[in-house]
Amino acid sequence: SLGVAESGGGSVQAGGSLKLSCLISGSTWTTHCVAWFRQPPGKEREEVAVISTGYNRTKYVESVKGRFTISHDEAANTVYLLLNSLKPEDTAKYYCAADWGGMWCVDAPTFGQYDYWGQGTQVTVSS
């Protein structure tokens, strides 16, 4: 099984930046699908960004394109989500999810289903 652990959340003012980290453990594979989701207060969980780490292919939802960047450090077994130009509507608990690799997560219309999830990290953006 895979271990998934997020870190890096916090509170910032609108226009600020944060960098979230997602440490993946328990695998010697080089390719995983790793996605970031978020759940705003009182709303359903939504997709944010996804990466196929072995192919370095990425996909973003429209609302974060040009502001958020997902990346992967293979040596650190970590996927990052850089959040720039934050808006109050970005306030949410951010979750990292991972599963065994391939292109399924970037080729499909949605980010797909994941078996391994972290506990989440809170991002709060004030106006």
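Atoms considered below: every heavy atom in the structure, side chains included; atoms not considered: hydrogens, waters and symmetry mates. None of these values were measured; they are calculated from a predicted model. Each residue takes its place number in the sequence, starting with 1.
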F111 and W36 have their tightest heavy-atom pair at CE2-O, 4.1 Å
Any donor-acceptor pair under 3.5 Å from T58 side chain to I51 backbone = no
Paired with V48, the side chain to side chain contact (heavy atoms under 4.5 Å, CB included) test is passed by just one of D90, L81, L20, namely L81
Just how far is it from atom OG of S127 to atom NZ of K87, taken to the nearest 0.5 Å?
-> 13.5 Å
Is there a side-chain contact between Y114 and V50, using heavy atoms and a 4.5 Å cut-off?
-> yes
Does T91 reach the side chain of Q122, with side-chain heavy atoms less than 4.5 Å apart?
-> yes
Do D99 and W104 come close enough that some side-chain heavy atom pair is under 4.5 Å?
-> yes
Under 4.5 Å between side-chain heavy atoms, hopping through other hydrophobics if needed: is there a path connecting V12 to L83?
-> yes
Does the side chain of V61 come within less than 4.5 Å of F68's, by heavy atoms?
-> no
Checking T53 side chain against H32 main chain: does a donor-acceptor pair fall under 3.5 Å?
-> yes
Locate the shortest heavy-atom distance separating I24 from A98; write the atom from each residue and the value.
-> CD1-CB, 3.8 Å
Connected via hydrophobic side-chain network under 4.5 Å: Y95 and L2 = yes
Give, for atom CD of Q119 and atom OG of S7, the distance between the pair rounded to the nearest 0.5 Å.
-> 13.0 Å
Distance in Å, R38 CZ paired with R45 CZ, rounded so as to fall on 0.5 Å steps | 13.5 Å
W100 vs Y116 aromatic rings, parallel, tilted or perpendicular, using cut-offs 30° and 60°?
-> perpendicular
Cation over ring face, K65 and Y60, 6.0 Å, 45° | no
Judged by atom type as modelled, is there a donor-acceptor pair below 3.5 Å linking the side chain of R67 to the main-chain atoms of S85?
-> yes
K59 (side chain) donor-acceptor with A108 (main chain) under 3.5 angstrom | yes
Of all heavy-atom pairs linking P88 and S126, the shortest is CG-C, 4.5 Å
ILVMFWY network linking L23 to Y94, side-chain heavy atoms under 4.5 angstrom | no
Heavy-atom donor-acceptor pair, E6 side chain to T121 backbone, under 3.5 Å | no
Which heavy atom of M103 sits nearest a heavy atom of R57, and at what distance?
-> CE-NH1, 2.6 Å
So which heavy atom on S21 is nearest to which on T78, and how close?
-> CB-CG2, 4.0 Å
Aromatic rings W117 and F37: how do their planes relate, parallel, tilted or perpendicular, breaks at 30° and 60°?
-> tilted
Taking everything shown except Q113 itself, do over 12 heavy atoms lie less than 6.0 Å from its CD?
-> no
Measure across G112 and E47 and return the closest heavy-atom pair with its distance rounded to 0.1 Å.
-> N-OE2, 4.4 Å
Sub-4.5 Å side-chain heavy-atom contact between N77 and S25 | no
